[in-house]
Structure formats: C-alpha cells, structure tokens
Novice: 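Take a look at the following structure, please.
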Amino acid sequence: MNFSLIKGDITKVKADAIVNAANNSLLGGGGVDGAIHKAAGSALLDECRTLNGCETGQAKITKAYNIPIKYIIHTVGPIWRDGSNHEEELLSSCYTECIKLASANKLSSIAFPNISTGIYGFPREKAAKIAIETLKTIPFPAPTDVLFVCFDEENYHIYEKFLI
C-alpha cells in the first residue's frame, strides 16, 4: 500500500472510494458524515435507509451518487469513553472492514477521514497510530493507494509525523 496525506475536503478527492465516518443509523449527521451526505445528495440517504444501520467497528458500502467516485464506504467508529471499552479494537476494525469491502469490490484507491476524532472524542494521536498500523498490517489484498484526508491542521500534522 502507498500512503498519501492531504488536508482538505474528502468529498473532493480523487479515489475509487471515500470512507464516511458515520453514526450507527447511517442516516447522516455532522462533520464528515454530514458533508458526504450533502455532497452525494438525497439518493444516498434513500439507499442508507435500506441498510438497517451499521454496528460500531463494521462497514457498509453504497453508491456515491453526486460525488464523482465509485463508492462510499460507511464505517461507525467508537465513541471514546476512557479506553477500557474496546475503543482501540473497534477503531482498528473500522479500517480493516473498510479495506475488506474495498478489496471485495476490486478498488485500487481509498480515502479515509480521521475516524472518531471529532465529536466521538477519540484521542487524535492514538487514532492516527491505530489507523496507520492497522493498514500496514492488513493480511489480505488491499487497494494500492490509501489516502488520509485531514480536514484540519492538527490532524494533518499528526498524520504527517507518523507517516514520515
């Protein structure tokens, strides 16, 4: 896997799929989730209604509608409580499950946001380490190109530090 890093809007990246940091309902929310639903249009919400939600640490795939990519992979990251509620394992599972879906759909590139580091409160450095280490150790075929898309400077600099 080749890792790249950009600061910007995940709905504007060039990749086969983007990952949505969704909530359990998959019916939209704030942050990345809200931006993706807004950019994709109402047909995304219609499709998400048929998926019966998503468990934390799991992922589901949909069409991308008005976003010029092939798919959106929705994953539900854990809410950080105190680190003793399997938060690290659940976050790692988010990345693994997204890669499984990307591989099953023969995608060559995927873009990830900073899962669980917004309103879900996961410590940013810990989340970045988990993301990178999980993806580096995927034991099955994976997309060739992985892009980390950071909306803010703080996350960008954290990923920059760990990817060097």
Novice: Taking the side chain as C-beta and beyond, is there a heavy-atom pair between E87 and D82 under 4.5 Å?
Specialist: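 Answer yes - side chains close enough.
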Novice: Check the surroundings of atom CD1 in I119: do more than 12 heavy atoms from other residues, nucleotides or ligands lie under 6.0 Å from it?
Specialist: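 No.
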Novice: Taking all heavy atoms of A102 and all of I110, pick out the closest pair and write down the distance.
Specialist: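 What the structure gives for the nearest pair is CB-CD1, 4.1 Å.
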Novice: Grab the two heavy atoms, one from L26 and one from V76, that are nearest each other, plus how far apart they are.
Specialist: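 Heavy atoms of L26 and V76 come nearest at CD2-CG2, 4.4 Å.
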Novice: When you compare the side chain of F151 with that of V32, does any pair of heavy atoms fall below 4.5 Å?
Specialist: no
Novice: Counting distance only, does the side-chain N/O of K60 pair as donor-acceptor with the main-chain N or O of G53 below 3.5 Å?
Specialist: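 Answer holds: yes.
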Novice: Is there side-chain contact between S116 and W80, with heavy atoms separated by less than 4.5 Å?
Specialist: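 SC-SC contact between S116 and W80 ruled out.
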Novice: Side-chain contact test, heavy atoms from C-beta onward, threshold under 4.5 Å: evaluate it for I115 versus F122 and give yes or no.
Specialist: no
Novice: Does any non-hydrogen side-chain atom of I72 lie less than 4.5 Å from one of Y65?
Specialist: no
Novice: For a quick test of reading the model, state the closest non-hydrogen atom pair linking D16 to S108 and the distance between them.
Specialist: OD2-N, 2.7 Å
Novice: Inspect the surroundings of CD in E55 and state if more than 12 heavy atoms from other residues, nucleotides or ligands are less than 6.0 Å away.
Specialist: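 Not buried by this count: 12 neighbours or fewer within 6.0 Å.
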Novice: If I compare all heavy atoms of E47 with all of I61, which pair ends up nearest, and what's the gap?
Specialist: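 Closest approach of E47 to I61: OE2-O, 4.2 Å.
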Novice: Classify the angle between the aromatic ring planes of F148 and F3 as parallel (below 30°), tilted (30 to 60°) or perpendicular (above 60°).
Specialist: parallel
Novice: Please indicate whether K129 has more than 12 foreign heavy atoms, meaning atoms of other residues, nucleotides or ligands, lying under 6.0 Å from its NZ.
Specialist: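 No, because the 6.0 Å sphere around NZ of K129 holds 12 heavy atoms or fewer from other groups.
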Novice: With the side chain counted from C-beta on, respond yes when T62 and C48 share a heavy-atom pair under 4.5 Å apart, and no when they do not.
Specialist: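 Heavy-atom side-chain distance check passes, below 4.5 Å.
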Novice: I'd like to know if I18 and Y71 are part of one continuous hydrophobic network [Ile/Leu/Val/Met/Phe/Trp/Tyr, side-chain heavy atoms within less than 4.5 Å].
Specialist: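 Hydrophobic grouping puts Y71 apart from I18.
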Novice: Would you say that V149 contacts P113 through its side chain, given a criterion of any heavy-atom pair below 4.5 Å between the two side chains?
Specialist: no
Novice: Would you name the heavy atoms of E154 and D152 that are closest together and state the gap between them?
Specialist: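 Minimum heavy-atom contact is N-OD1, 3.1 Å.
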Novice: Taking C-beta and beyond as the side chain, do C54 and T75 meet within less than 4.5 Å on heavy atoms?
Specialist: no
Novice: Report yes or no: does T134 contribute a side-chain atom to a donor-acceptor pair with the main-chain N or O of A131 at less than 3.5 Å?
Specialist: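 Flag not set: sc T134 to bb A131 has no pair under 3.5 Å.
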Novice: For the residue pair L147 and L5, what are the closest heavy atoms and their distance?
Specialist: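 Minimum heavy-atom separation between L147 and L5: CD1-N, 4.0 Å.
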Novice: Mind checking salt bridge (charged side-chain N to carboxylate O under 4.0 Å, His left out) for K63 and listing every partner two or more places apart, or none if nothing turns up?
Specialist: none
